[in-house]
Amino acid sequence: MVLFARRVIRLWSICILCVIFLISCTSQPVVLTGIVTDAYTGAPIPNATVSIGDLTLTTDDQGRFQTERWRLEDTLALQAPAYEPTSLPLADQPGVGVSGVLTVTITTALRPNTLVGQVIDAYTGQPIRNAEVILNDTEPPLTTTNENGQYTLTDVLETFSITVRADEYASVRETLSRTTTFDVKLRPNILRGQVTNMYTGEPVAGATVKLSDLSVTTDAEGRYVLHGVTETGEIIVEADGFATVTRPFTRTTKLDVAIRPDTLFGQLIDATTGKPVQNAAIIATETLTSTALTFVRINDSIEGRFRLPNLPERGFVQVLAPGYAKRVIPIEPGNMPQQIELEPFYVRGIYITAAVASVPRLVDRFLDLIDRTELNTLIIDIKSDLRDDLGMVYYDSQVPLAKELGLSTPRVDFRSILAKAKERGIYTIARVQLFSHDNALSDARPEWSIRLRSTGEVYADYPGPGIRYAYLDPTNQNVWDYNIALAVEAAQMGFDEINFDYIRFPDWFGTRDEFRDKLLFSEPIDPVGNPGRMYEVILEFMQRAHQAVNAAGAFMSVDIFGRVVNGPSLTIAQDMTRMGEHTDYVCPMPYPSLWWSGLDNIAVPVKYPYETIQIAVRKGGRLMADSYARQRPWLQDHTDPWAPVVVEYGPAEVRAQINATEEQPEAASGWMLYDSANIYKGAFNGAVRPAP
């Protein structure tokens, strides 16, 4: 019994202990634990503030927190610097409120809502202060960068746009998502610099600086600022009187440009009188035998002033003024003369044919004559004047048409002749037969010739037995181009002047109606109904040729009939006054033996060489008093056996003509002796005075 009682007591004790244990178990609080992480990275967030009721906790280094002091009806509030706060009702969280659970764990994430970054210069890497940072295009800007180029934006959404801008930089705009840092490199979009004179270093005011569609003008100090420039590009700098400069740039904000003066502002002065030279062509070339890179002509310039733009950096300025020696000035950077003196030049010339030029000993004879006398000029045909190969070019011409048609032959070593002449200081003129005395071209291209309407055959002069002078069409511009090309080639070879002979329509001894009705040209030619057009054709050729010849560094002259000193003449269509505007020299041929019908009060001019030339030169001078060109007559040093009265011409007759010309320096700028046979009984027998 006692044993039973003890067992009962032990059983109850155990039961009581179990009840006590169970009671103690049911009353133990549930532990609430949590982990707070970054919503973008998943990393734990330390030091986050966790509020539950009146309880405030702080997460540890692992982003954890723990408490027993919580109630189911509490709200869990989470916040951390640079994160968007959040609140979580505990009752809504999984596992909370489940019976018998001793520990509840909540894992939550905070979304970062702060953006930080640095703004730096893309070229230098230096921080940019006071850059404006705009969130979602909100104005005014939310913040600006500090002295270290840093910025902070708060209350940033998960996806947002950001714009960063600063003075003198290209703005950056980006759309970002789930990010907390954004460093920005701003590209400078400004280019500034100074434009200066390359030679003097002085600032150039008023220069235009261009980049694509951007343009700005330099100030008084030559400075410029271009806004909105790209990372790379090319600026173009232009200024009056300076060569245009194109300068590339890459990733820079400063670009100084030195520009080269390329314009010569000058004045031409007569070296003897000091008076301005009013008429001239001024050119600039890279070499002495190349064509002009830039060209200007002054005509009736009262002060003789000119402006020559686009000078090359190296080369030569050449001045060609009628009545003066050509002046050649090397282009020296920063040292070009403002006043250019020109020496008067008076041509005293003698002519030889291409056939004579093909024999060196004969050429030397003429060079020696020039050396020992007052003569200073040699005129040479470059085309043959022989009836068998009339018009054939007597050197190896590189003019394409001459090569194509076989119109040249290497009969004359012109380079050797020119070299000898230059050594002796002799002026050289290349004579070019133009519309007549060129059977070679006419036979090769008969369609470029004047033709007879009745038969279609080439029109020609037949002055004697076995002599035929085919006549090229003055209106055919193929003929123009061929002869101009030869002239330019001769100038580049070294001739000082190009002389065009037969620069006219045919002389006609019938009526003008017959001329119109019998001859066929490339365009309608009518000396009765439209005589002006005939003059225009000659002048249009001259204008084109004058520009080309001067541009090649040579003077140009044209030959006209002697009778033209009396006034314009048809049907040859030569007008001394008008022709004088498109050449440097007009060269009438007032040979005394050719005045068959007399001259003024001289019934037989061939007997009176002095008086005849005196009158002719005076008349020509009057016609050309206001012309661009100067008069320079041909004088007769031959005897014409077919003249009405044959007078043997020798030293006295030739000298008389020279004297009559030289006594009128205001009317004529020289003279040239002509003898088709090149015998020159006058010149070789004392008509020309010994060299001074």
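What you see is a predicted model; the values in this text were computed from it and never measured. Only heavy atoms go into these numbers, but all of them, side chains included; no hydrogens, no water, no symmetry mates.
- Contact annotation: the side chain of I484 approaches that of F541 to within less than 4.5 Å [non-hydrogen atoms, C-beta and beyond].
- One distance of note links CG of L367 with CD1 of I352; it measures 7.5 Å at 0.5 Å rounding.
- Once rounded to the nearest 0.5 Å, the distance linking OG of S436 with OH of Y459 reads 9.0 Å.
- In this model, no donor atom of one side chain and acceptor atom of the other lie less than 3.5 Å apart for T353 and D385.
- Looking at N550 and R297, their side chains come closer than 4.5 Å, going by heavy atoms from C-beta outward.
- A691 meets the side chain to side chain contact (heavy atoms under 4.5 Å, CB included) test with no other residue; sequence neighbours excluded.
- A salt bridge does not link K420 to D368: none of the charged side-chain nitrogens sits closer than 4.0 Å to a carboxylate oxygen.
- Considering every non-hydrogen atom in both R630 and S669, the closest pair reads CB-CB, 3.9 Å.
- Between R387 and R468 the shortest side-chain heavy-atom distance does not fall below 4.5 Å.
- Here D438 pairs with K383 under the salt bridge (Lys or Arg N to Asp or Glu O under 4.0 Å) rule; sequence neighbours left out.
- When side chains are defined from C-beta on, T428 counts as touching K422, because their heavy atoms get closer than 4.5 Å.
- Nearest heavy-atom pair, V647 versus T639, reported as atom, atom and distance to 0.1 Å: O-CG2, 3.4 Å.
- Both the sub-6.0 Å distance and the 45° axial angle are not jointly satisfied by R445 relative to the ring of Y482.
- Inspection of the N376 and Y346 side chains reveals no N or O donor paired with an N or O acceptor under 3.5 Å.
- Under the 4.0 Å criterion applied to side-chain N and carboxylate O atoms, D481 and R544 are assigned as salt-bridge partners.
- Judged purely by atom type and a 3.5 angstrom limit, N299 has no side-chain atom pairing as donor or acceptor with the backbone of Y628.
- In this model, a donor atom of one side chain and an acceptor atom of the other lie less than 3.5 Å apart for Y394 and D389.
- Judged by distance alone, with hydrogens and angles left aside, the side-chain atoms of T287 form a donor-acceptor pair with the main-chain N or O of S290 at under 3.5 Å.
- Using a 30° and 60° split on the angle between ring planes, H638 and Y591 fall in the perpendicular class, above 60°.
- Without hydrogens or angle criteria, Q492 side chain to A552 main chain gives no donor-acceptor distance under 3.5 Å.
- Panel note: side chain Q631, backbone P588; no donor-acceptor pair is recorded below 3.5 Å.
- F414 meets the ring-ring contact (aromatic ring centres under 6.0 Å, His included) test with Y395, F495; sequence neighbours excluded.
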Verify side-chain contact (heavy atoms from CB on, under 4.5 Å) between Y427 and F555, making sure each step is shown before the conclusion.
CA-CA 11 Å; Y427 187 78; F555 290 96; 3.2 Å; yes
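- Although no hydrogens or angles enter the test, the distance criterion places a donor-acceptor pair under 3.5 Å between the side chain of Q657 and the main chain of Q636.
- The shortest distance between side-chain heavy atoms of I538 and F435 falls below 4.5 Å.
- Using a 4.5 Å heavy-atom cutoff, the side chains of S397 and L407 are not in contact.
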Working note: F521 + V537, criterion side-chain contact (heavy atoms from CB on, under 4.5 Å); need CA distance, chi angles, decisive distance, verdict.
CA-CA 12 Å; F521 299 84; V537 167; over 6 Å; no
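- Proximity of a side-chain donor or acceptor of D675 to a complementary backbone N or O of Y680 within less than 3.5 Å is detected.
- Here the CD1 atom belonging to I503 is positioned 5.0 Å from the CE atom belonging to M579, to the nearest 0.5 angstrom.
- One finds the OG atom of S449 at 8.0 Å from the CG atom of D473 (value rounded to the nearest 0.5 Å).
- Checked by atom type and distance alone, the side chain of S627 never pairs as donor or acceptor with a backbone atom of A629 at under 3.5 Å.
- Within the 4.5 Å cutoff, side-chain heavy atoms of Q398 are placed close to those of K403.
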Stepwise ring pair (Phe, Tyr, Trp, His ring centres under 6.0 Å) test for F366 and Y351:
CA-CA 9 Å; F366 280 91; Y351 156 82; 9.2 Å; no
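- Taking 4.0 Å as the cut-off between side-chain N and carboxylate O, D584 and K326 do not count as a salt-bridged pair.
- For P605 against I602, the heavy-atom pair with the smallest separation is CA-CG2, 3.5 Å.
- Taking the six-membered ring for Trp and the full ring otherwise, the centers of Y469 and Y502 sit at least 6.0 Å from each other.
- Counting only heavy atoms from C-beta outward, the side chains of F500 and T583 never approach each other to under 4.5 Å.
- Without hydrogens or angle criteria, T294 side chain to P309 main chain gives a donor-acceptor distance under 3.5 Å.
- Salt bridge present: R533 and E536 bring a charged side-chain N and a carboxylate O closer than 4.0 Å.
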What do the steps show when you test L401 against L441 for side-chain contact (heavy atoms from CB on, under 4.5 Å), and what is the final call?
CA-CA 10 Å; L401 188 66; L441 179 61; 4.3 Å; yes
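- Atom CH2 of W671 and atom CD1 of I658 lie 3.5 Å apart (nearest 0.5 Å).
- Salt-bridge check for R618 with D600: failed, with every basic side-chain N at 4.0 Å or more from each acidic carboxylate O.
- When atom types are taken as modelled, the side chain of T571 and the backbone of P506 share a donor-acceptor pair closer than 3.5 angstrom.
- Side chains of W480 and E540: a donor-acceptor N/O pair is absent below 3.5 angstrom, by distance only.
- A salt bridge links R655 and E374; the closest N-O separation between the charged side-chain nitrogens and carboxylate oxygens is under 4.0 Å.
- Shown here is K607, whose NZ atom has no more than 12 heavy atoms of other residues, nucleotides or ligands within 6.0 Å.
- Taking the centre of each ring, F505 and Y535 stay at or above the 6.0 Å mark.
- Summarising the geometry of I426 relative to D496, their closest heavy-atom pair is O-OD2, 4.0 Å, with the distance given to 0.1 Å.
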Would you sort out whether I379 and W634 count as a side-chain contact (heavy atoms from CB on, under 4.5 Å), showing the intermediate values?
CA-CA 11 Å; I379 305 105; W634 286 94; 4.1 Å; yes
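- Between A430 and A490, the shortest heavy-atom contact is CB-CB, 4.1 Å.
- A donor-acceptor contact closer than 3.5 angstrom links the side chains of Y324 and D270.
- Minimum interatomic distance between G620 and M576 (heavy atoms only, all atoms of both residues): CA-CE, 3.6 Å.
- Here OH of Y585 is found 13.0 Å from CE of M556. Values are rounded to the nearest 0.5 Å.
- Of the listed residues (R504, R563, Q574), just one forms a side chain to side chain donor-acceptor pair (under 3.5 Å) with S569, and that residue is R563.
- For the pair D461 (side chain) and P463 (backbone), a donor-acceptor distance under 3.5 Å is absent.
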